[in-house]
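The next block holds one structure in the form of structure tokens; read it before the comments.
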Amino acid sequence: MCFGRCARCVGYKLLILALLCIVANTLLYFPNGETRFASEHHLGKYVECLHGILGGGLLVLIPAAVFIGLHNDDCCGCFGHESCGKSCAMLSSVLAAFVGILGSGYCIIISALGLSQGPYCFTHLERNWIYPFTDSSGGYLFEYNKWSACQEPQNIVQWNVTLFSILLVLGGIEFILCFIQIINGILGGLCGLCCSDEEYTVDFFKTFHAY
């Protein structure tokens with residue numbers, strides 16, 4: 001099993017997911033592609049938490065870059081032992097994975113809170129900007145007939161539900177991948193970065209001829 005290749009695969013997946021999180025979070029700032037709601041500060045508080053840009057985005061890009069770099073075979077080693085250096089690199093990737101855990105966890109929590117509270121919008125009943133679904137504890141998600149209570153921005157409920165759901169799913173996948181890399185990094189640090197059948201065969205014959 002090649003732990004380095006596994007880490008590289010996880011890294012590329014995290015890279016794609018992080019970029020998608022940044023795009024999704026950015027779209028939350030511009031309902032229906034309009035910029036005036038952001039400039040007028042008519043966005044929900046959870047929209048402005050940067051959970052997709054900072055949490056699921058930048059904080060996940062850090063471990064993604066580390067994991068992708070682990071596949072390089074030019075590790076200098078430590079105390080003259082190349083395998084030792086590679087093992088240390090794999091163990092250090094565990095720390096990077098924890099950064100990804102924190103970022104993706106933040107993205108998951110804020111996305112769930114954003115879905116639970118509902119959008120900030122102008123309603124026809126209150127004639128004011130409020131959170132009309134905050135007392136429903138997420139129950140509004142299944143009460144489609146109440147979504148029309150939000151007049152501005154248009155289709156803001158669908159917009160928020162779709163993007164927050166996407167960020168929730170993306171954050172969950174990032175969390176799982178980072179957790180997988182924690183296990184992979186520990187195993188790679190203890191067993192070596194990449195142990196192929198050929199290396200085992202060579203070591204066996206060297207030991208055999210020594211006797």
Side-chain angles (χ1 to χ4, degrees), residues 8-69 96-123 128-134 136-138 140-142 144 146-181:
R8 188 184 188 187
C9 180
V10 170
Y12 279 120
K13 286 181 172 59
L14 287 177
L15 177 62
I16 296 172
L17 291 170
L19 294 177
L20 290 176
C21 280
I22 292 174
V23 172
N25 197 167
T26 302
L27 289 175
L28 278 173
Y29 278 85
F30 308 107
N32 304 315
E34 299 182 55
T35 60
R36 63 187 179 95
F37 300 107
S39 61
E40 295 172 358
H41 304 288
H42 287 153
L43 298 174
K45 62 180 180 180
Y46 292 117
V47 174
E48 299 177 339
C49 287
L50 300 177
H51 58 294
I53 296 175
L54 177 61
L58 297 179
L59 287 181
V60 173
L61 285 176
I62 295 173
V66 173
F67 301 160
I68 293 172
F98 275 113
V99 175
I101 288 284
L102 292 175
S104 59
Y106 177 63
C107 183
I108 293 171
I109 293 172
I110 298 300
S111 297
L113 291 174
L115 284 172
S116 176
Q117 185 180 58
Y120 183 65
C121 63
F122 185 85
T123 65
N128 197 7
W129 289 86
I130 61 172
Y131 293 96
F133 309 115
T134 187
S136 68
S137 300
Y140 77 96
L141 293 169
F142 308 100
Y144 310 113
K146 294 184 178 180
W147 290 10
S148 59
C150 287
Q151 287 187 312
E152 287 191 60
Q154 291 184 356
N155 302 316
I156 185 59
V157 181
Q158 294 92 323
W159 187 270
N160 272 25
V161 168
T162 300
L163 292 174
F164 272 119
S165 298
I166 290 174
L167 285 167
L168 182 65
V169 172
L170 293 176
I173 298 175
E174 289 175 341
F175 189 93
I176 294 172
L177 289 175
C178 287
F179 184 77
I180 290 175
Q181 179 53 31

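From a predicted model like this one, the values you see are computed outputs, not experimental measurements. Position 1 is the first residue of the sequence, and the numbers go up from there.
For G52 against L167, the heavy-atom pair with the smallest separation is CA-CD2, 4.0 Å. The heavy-atom pair separating L43 from Y131 by the smallest distance is O-OH, 4.5 Å. Of all heavy-atom pairs spanning A64 and G11, the tightest one is CB-O, 3.5 Å. Considering all non-hydrogen atoms of both residues, V60 and E174 come closest at CG2-OE1, 3.5 Å. In terms of heavy atoms, L168 sits closest to A112 at CD1-N, 4.2 Å. Across C107 and S111, no two heavy atoms sit closer than the pair O-OG, 2.7 Å.
With rounding to the nearest 0.5 angstrom, the CG atom of L28 is 14.0 Å from the OH atom of Y46. Note: L177 CG to I101 CD1 = 9.5 Å, rounded to the nearest 0.5 Å. Considering CD1 of I173 and SG of C21, their distance stands at 9.0 Å, rounded to 0.5 Å. Atom CG of N25 sits about 9.0 Å away from atom CG of L163, to the nearest 0.5 Å. Considering CG of L141 and CH2 of W147, their distance stands at 6.5 Å, rounded to 0.5 Å. Taking CD1 of I130 as the reference point, atom OH of Y120 lies at 9.0 Å (rounded to 0.5 Å).
Screening residues 150-180 for disulfide bond (SG atoms under 2.5 Å apart) gives C121-C150 as the qualifying pairs, with residues at least two apart or on separate chains. Within the structure, side-chain hydrogen bond (donor to acceptor under 3.5 Å, both in side chains) contacts touching residues 155-171 (residues at least two apart or in different chains) do not occur.
Contacts of K13 classified as side-chain hydrogen bond (donor to acceptor under 3.5 Å, both in side chains), with partners at least two apart in sequence or in another chain: none.
With S39 contributing its side chain and R36 its backbone, the two residues share a donor-acceptor pair below 3.5 Å. In this structure a side-chain-to-backbone donor-acceptor pair under 3.5 Å is present from Y140 to L115. A donor-acceptor pair under 3.5 Å is formed between the side chain of T26 and the backbone N or O of I22.
Counting heavy atoms from C-beta on, the side chains of Q117 and K45 come closer than 4.5 Å. By the 4.5 Å heavy-atom criterion applied to side chains, L59 and Y106 are not counted as neighbours.
Annotation: F98, atom CZ; neighbour count of heavy atoms from other residues, nucleotides and ligands within 6.0 Å does not exceed 12. Counting non-hydrogen atoms of neighbouring residues, nucleotides and ligands closer than 6.0 angstrom, the CD atom of E48 exceeds 12 such neighbours.
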Please assess F37 against E152 for the test side-chain contact (heavy atoms from CB on, under 4.5 Å), listing each intermediate value before the final yes or no. CA-CA 9 Å; F37 300 107; E152 287 191 60; 3.9 Å; yes
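Ring geometry, H51 versus F164: the interplanar angle falls under 30°, so the pair is classed parallel (tilted spans 30 to 60°).
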